[in-house]
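Within every chain, numbering begins at 1; the chains are lettered A, B, ... in the order of the sequence lines, protein sequences first and strands thereafter.
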2 protein chains.
Amino acid sequence: MNKPVTIKDIARKFRCSPSTVSRALNNHPSINEDTRRNLQEYAQKVGYQRNQVSLNLLNTKTASIGVIVPTINNYYESAIIEGIDGVLHPLGYTLNICVTNEQYLLESEYITKLLSNRVEGIFLSVSQETYDFGHYEHLENVGKRNLPLIFIDRDYEGFSAGSVTIDDYHGAFAAVQHLVNTGRKRIAHLKGPNGMAVTEQRFKGYAECLRQYGLPLEESLIINTNFKVESALEPTAQLLELDQRPDAIFGVNDQVAIGAMKVIREKGWRVPEDIAVVGFDNSPISAYISPSLTSVGRPGRQIGEEAARIFLNYPDAAAKRDNPVHIVLPSQLIIRDSSAGIRR
Amino acid sequence: MNKPVTIKDIARKFRCSPSTVSRALNNHPSINEDTRRNLQEYAQKVGYQRNQVSLNLLNTKTASIGVIVPTINNYYESAIIEGIDGVLHPLGYTLNICVTNEQYLLESEYITKLLSNRVEGIFLSVSQETYDFGHYEHLENVGKRNLPLIFIDRDYEGFSAGSVTIDDYHGAFAAVQHLVNTGRKRIAHLKGPNGMAVTEQRFKGYAECLRQYGLPLEESLIINTNFKVESALEPTAQLLELDQRPDAIFGVNDQVAIGAMKVIREKGWRVPEDIAVVGFDNSPISAYISPSLTSVGRPGRQIGEEAARIFLNYPDAAAKRDNPVHIVLPSQLIIRDSSAGIRR
DNA sequence: ATGTGGTTTGCAAACGTTTGAAATTTTTTG
DNA sequence: CAAAAAATTTCAAACGTTTGCAAACCACAT
């Protein structure tokens with residue numbers, strides 16, 4: 001862990017000025033050919049690495065941008081990051097990935113850190129806690145700096161910024177419509193945590209679809225989960241013990257749907273014959289489990305790409321704080337075995 | 001996107017020196033109470049954020065460390081990152097997560113970037129390409145700087161550095177032993193890409209176990225995959241068309257095992273009655289699919305934690321370049337339905 | 001007035017690099 | 001050989017912050 005070699009060190013060694021070394025290493029034309037070669041060779045030998053920190057200071061820019069997400073352990077989130085990186089990496093930007101673990105405190109801490117590290121933009125998928133408590137003071141300084149802020153996946157209407165989200169509403173609607181069309185009458189919903197936009201939009205799609213098809217919205221058929229597979233177990237068991245058992249379950253995501261399927265099987269019912277199951281995310285595994293899972297696909301990668309493009313167009317009027325762009329990408333129902341077969 | 005307020009701006013506004021502003025904002029005792037309050041209030045109002053870049057330069061340290069992984073879209077990798085962060089975040093370190101997507105070029109580029117950004121340590125899980133081509137020139141400058149480098153998950157013997165890995169060998173051995181003990185005679189292996197340590201260690205465990213139990217090692221029963229679920233489909237189909245069909249399949253990871261199960265079902269065979277299946281990773285989903293998947297668990301989080309501890313102890317002799325620490329954590333077989341039932 | 005002691009503020013240097021302009025050295029030319 | 005031109009190198013400032021040390025200011029006692 002020895003000190004990095006600096007341009008000054010090299011200059012001292014060669015009894016020349018730091019300017020000369022700098023120009024030599026940057027192939028500046030006004031440097032003598034021999035000098036250039038000697039300096040470059042020596043720099044290479046001692047493993048000189050230009051100090052980017054000093055450059056960032058000098059240029060007052062960093063070519064780095066912050067990405068704050070609740071979790072990375074998940075197909076969808078990492079697809080978003082890939083999408084952002086795919087657009088921004090070729091342009092020389094570096095991503096600064098921060099994982100909040102759904103905690104407001106960490107989110108706030110990371111915002112401060114990113115601002116203080118002078119990132120040139122922030123992509124934010126707000127944590128569950130932030131949503132729950134609804135306080136957005138940590139974004140104030142982002143506003144004061146007028147730094148490009150783009151909400152990804154989870155939007156927050158209270159703060160005027162660009163956003164790229166999924167049409168959860170229509171995705172959910174399509175899923176439930178599919179269940180209705182295949183003859184299901186009592187469709188339960190394993191809902192996410194109350195208050196979150198994803199959760200509520202999907203719920204809305206579910207509720208509205210039932211309404212349009214004249215089916216009742218029954219409270220006993222709607223139970224909260226927290227997106228994790230385990231959180232579906234108890235609620236599903238509860239559903240199966242109802243006097244009027246559901247004949248379909250719409251899970252807020254694939255994890256929950258998979259958890260539900262497990263319980264259904266364990267209780268001796270069949271999927272899809274007795275109970276159809278539909279998830280949300282179209283995670284890679286959903287096509288390979290048995291029965292394969294019908295699911296609503298979200299174009300995670302595309303979200304990231306669109307968000308990156310908003311960032312790149314930021315100086316444009318359209319993307320500005322007073323009139324932010326909101327992109328809503330469609331989701332797509334992918335029908336598989338877990339909901340197959342028409343019922344009469 | 002307006003310029004950040006600096007300490008100089010504030011000083012100009014208040015007709016005082018930058019030193020005074022700096023001290024006031026840092027609650028230095030020698031600052032007049034009124035001055036302090038005024039300056040702090042103003043700084044707060046205009047959203048002043050100290051410029052960490054300049055501080056990093058001044059102190060020639062950054063309290064940030066690089067983490068280079070092939071992918072983050074995966075339970076295991078993200079558990080490792082969580083582990084590292086869990087230990088290092090409370091101490092004020094910031095992680096700089098880089099995803100190589102298994103490409104040597106990106107890995108090399110990130111190493112350079114991290115060095116040049118003056119990170120204080122690097123955690124590296126080498127990419128598949130790096131492994132394949134076996135060139136480690138990109139690590140030379142890390143060596144010259146004598147910067148703490150810790151291999152996580154995938155070790156490379158050619159470069160003297162600390163490492164934390166999994167005992168893949170014994171994990172694989174245990175998995176195959178379990179299959180043998182439950183009466184399986186023709187155990188196939190869906191191997192990973194040749195040359196990678198994980199792949200080869202697991203293969204070794206498989207091969208050695210067969211040898212110890214007097215079972216032949218048949219080439220036709222060993223086929224390569226690339227860890228992804230799709231990559232198991234064709235190889236499994238191939239296995240099922242053999243004259244002497246296998247009665248068990250040991251997959252290099254859960255994804256591959258799940259892919260294999262799908263094909264087995266589609267061809268009309270039963271798991272585990274006709275063919276037992278065992279995976280590797282104990283990914284969260286493995287307990288919830290049907291049949292639930294027997295798998296070898298890897299303590300990802302613990303890997304990250306141990307690696308972080310090596311980093312923290314780096315000045316110690318034990319962790320130094322000339323005598324690096326190598327920690328090998330045990331893996332653990334978790335038996336589920338996909339391999340249940342004894343056969344005679 | 002002068003000195004003492006305490007409080008508060010400012011100066012200047014430092015971190016590593018780049019870059020316009022000035023200075024120096026080398027080469028060319030008449 | 002001197003002058004002009006060209007090639008090469010150095011100087012100094014800048015980015016934003018901190019900090020040891022010196023300076024300024026104030027109140028109060030002599």
*Considering heavy-atom distances to DNA chain D, does S54(A) or P18(A) have its closest nucleotide positioned more toward the 5' end?*
P18(A)
*Please work out if T60(A) contacts a base, only the sugar-phosphate, or nothing of the nucleic acid, heavy-atom cut-off 4.0 Å.*
sugar-phosphate
*asked:* Holding to ring-ring contact (aromatic ring centres under 6.0 Å, His included), I want the full list of residues that pass it with Y76(B), two or more places apart in sequence or in another chain.
replied: none
*asked:* I need the residues from residues 2-12 of chain A with at least one non-hydrogen atom less than 4.0 Å from DNA chain D; give them sorted by number, or say none.
replied: none
*Give a yes or no answer on whether the side chain of Q49(A) reaches the backbone of L115(B) with a donor-acceptor pair at less than 3.5 Å.*
no
*asked:* Which is more 5' along DNA chain C, the nucleotide nearest L57(B) or the one nearest C16(B)? Just name the residue.
replied: C16(B)
*Nearest 0.5 Å please: distance from the CD1 atom of I81(B) over to the CD1 atom of I72(A).*
4.0 Å
_Under the criterion side chain to side chain donor-acceptor pair (under 3.5 Å), I'd like the reasoning laid out for N27(B) against Q40(B): C-alpha separation, chi angles, the key distance, then a yes or no._
CA-CA 9 Å; N27(B) 290 316; Q40(B) 287 194 353; 2.8 Å; yes
*Indicate, with a heavy-atom threshold strictly under 4.0 Å, whether N59(A) touches base, sugar-phosphate, or nothing.*
nothing
*Where along residues 33-52 of chain A does a heavy atom come under 4.0 Å from DNA chain D, residue by residue in number order?*
T35(A)
_Counterpart residues, side-chain contact (heavy atoms from CB on, under 4.5 Å), relative to L329(A) (two or more places apart)_ = V164(A), I166(A), P299(A), Q302(A), I303(A), E306(A), I327(A)
*Does anyone know the first and last nucleotide of DNA chain C in reach of chain A, 5' to 3', at under 4.0 angstrom to a heavy atom?*
dC15(C) to dA21(C)
*Walk me through it: do R37(B) and E33(B) pass the test salt bridge (Lys or Arg N to Asp or Glu O under 4.0 Å)?*
CA-CA 6 Å; R37(B) 201 167 9 80; E33(B) 186 59 19; 5.0 Å; no
*Please collect all side-chain hydrogen bond (donor to acceptor under 3.5 Å, both in side chains) contacts where either partner lies in residues 60-69 of chain A, sequence neighbours excluded, each pair once.*
T62(A)-S64(A)
*What's the verdict on side chain to side chain donor-acceptor pair (under 3.5 Å) for E109(B) and H89(A), showing C-alpha distance, side-chain angles and the deciding distance?*
CA-CA 11 Å; E109(B) 190 185 307; H89(A) 187 96; 2.7 Å; yes
_Verdict with supporting geometry, S127(A) and E102(A), side chain to side chain donor-acceptor pair (under 3.5 Å)_ = CA-CA 4 Å; S127(A) 76; E102(A) 306 283 9; 5.1 Å; no
*Reckon N26(B) touches a base, only the sugar-phosphate, or nothing at all at heavy-atom distances under 4.0 Å?*
sugar-phosphate
_salt_bridge(K45(A), E41(A)) N-O dist < 4.0 Å_ = no
*Report which part of the nucleic acid L55(B) touches: base, sugar-phosphate, or nothing (heavy-atom distance under 4.0 Å, all strands).*
sugar-phosphate
*Judged by atom type as modelled, is there a donor-acceptor pair below 3.5 Å linking the side chain of R15(A) to the main-chain atoms of R12(A)?*
no
*Base, sugar-phosphate alone, or nothing: which one does T20(A) contact when heavy atoms must sit under 4.0 Å apart?*
base
